[in-house]
Amino acid sequence: MLWPINNGKERMQQPNKSAMLSMQEIKAIESWISQIGIFQIYITAGQLVSAARKTLKLKYKMIGHGFNRVVYDLNNGYILKIALSQVGLISNANEAYIYNNCNEEVKKYLCPVKEYGTGWIIMKKVDTKVPFAIKEYTKLIKLELKFLRHGIIPIDLRLDNVGYNENDEMVVIDYGLFTMDLKSPVLRWLV
């Protein structure tokens with residue numbers, strides 16, 4: 001299977017191997033991913049998350065979700081994001097691609113990716129308690145300009161998608177809709 005990535009080329013999908021997840025957990029994720037699309041036509045985000053939870057049966061605590069991905073705390077300083085939709089699949093692949101291919105100057109402002117596979121990604125857990133203050137919006141605007149200067153279009157950059165690392169620096173925890181290429185599948189989904 002091929003994954004489209006930001007530069008318009010194709011690459012082989014990431015093999016589903018993990019040093020952090022068991023083979024049973026990988027198989028549960030693969031089972032869920034094979035069902036993406038079946039559930040989405042007639043259900044709400046809450047129903048979709050419930051269906052994912054029942055299929056996955058993971059031992060970890062779910063710490064968040066949107067309509068496209070669900071997030072689990074692995075209790076080891078890392079989180080696991082699992083796709084709930086086609087956009088979630090693209091977002092996970094896109095985060096892995098951007099993190100592994102961006103300029104070092106902006107990489108420090110992205111939540112580090114540890115591992116990824118088809119439909120899932122493991123990233124460092126970051127403190128997400130960002131106050132809604134003018135000072136934070138100023139930091140966010142400066143961060144946006146840094147990404148743009150280095151060829152990354154930070155689609156969906158907002159306070160809900162950032163946190164603070166151990167050095168008290170703002171980092172983006174959700175950059176699945178960012179793009180480094182105008183031919184990106186992310187842009188095809190948004191247009």
- Of all residues at least two apart in sequence or in a different chain, which pass the side-chain contact (heavy atoms from CB on, under 4.5 Å) check with K27? M23, E30
Would a 4.5 Å heavy-atom cut-off, applied to side chains only, mark [X] and [Y] as touching?
| X | Y | result |
| --- | --- | --- |
| H150 | C102 | no |
| I26 | W120 | yes |
| N68 | L84 | no |
| L80 | I29 | yes |

- Keeping to residues at least two apart or across chains, list the salt bridge (charged side-chain N to carboxylate O under 4.0 Å, His left out) pairs with something in residues 157-169. K124-E166, D156-R158, R158-D160
- Could you check L110 against I98 for side-chain contact (heavy atoms from CB on, under 4.5 Å), going step by step and ending with a plain yes or no? CA-CA 9 Å; L110 297 172; I98 288 173; 3.8 Å; yes
Any side-chain to backbone donor/acceptor pair from [X] onto [Y]? Under 3.5 Å, distance only.
| X | Y | answer |
| --- | --- | --- |
| K81 | I122 | no |
| Y175 | C111 | yes |
| N100 | A96 | yes |
| S50 | G46 | no |
| W32 | A83 | yes |
| N92 | G119 | yes |
| N94 | G176 | yes |

- Item | Considering all heavy atoms, the nearest M62-H65 contact |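 Looking at all heavy atoms of both residues, the shortest contact is SD-CD2, 4.4 Å.
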- Can you tell me if Y109 and K146 form a side-chain donor-acceptor pair at under 3.5 Å? yes
- Query: Hey, is NZ on K139 packed in by over 12 heavy atoms from elsewhere, all under 6.0 Å?
  - Reply: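 Counting neighbours around NZ of K139, more than 12 heavy atoms of other residues, nucleotides or ligands fall under 6.0 Å, so yes.
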- Q86 and I36: CA distance, side-chain angles, deciding distance, side-chain contact (heavy atoms from CB on, under 4.5 Å) verdict: CA-CA 7 Å; Q86 290 295 328; I36 284 183; 4.0 Å; yes
- Query: What pairs of residues pass the ring pair (Phe, Tyr, Trp, His ring centres under 6.0 Å) test when at least one of them lies in residues 70-95, not counting sequence neighbours?
  - Reply: none
- Query: Is it true that E115 and K17 have a side-chain N and a carboxylate O under 4.0 angstrom from each other?
  - Reply: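 Not counted as a salt bridge, because no side-chain N and carboxylate O are separated by less than 4.0 Å.
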- Point-to-point distance, once rounded to the nearest 0.5 Å, from CG of L89 to CD1 of I121: 12.0 Å
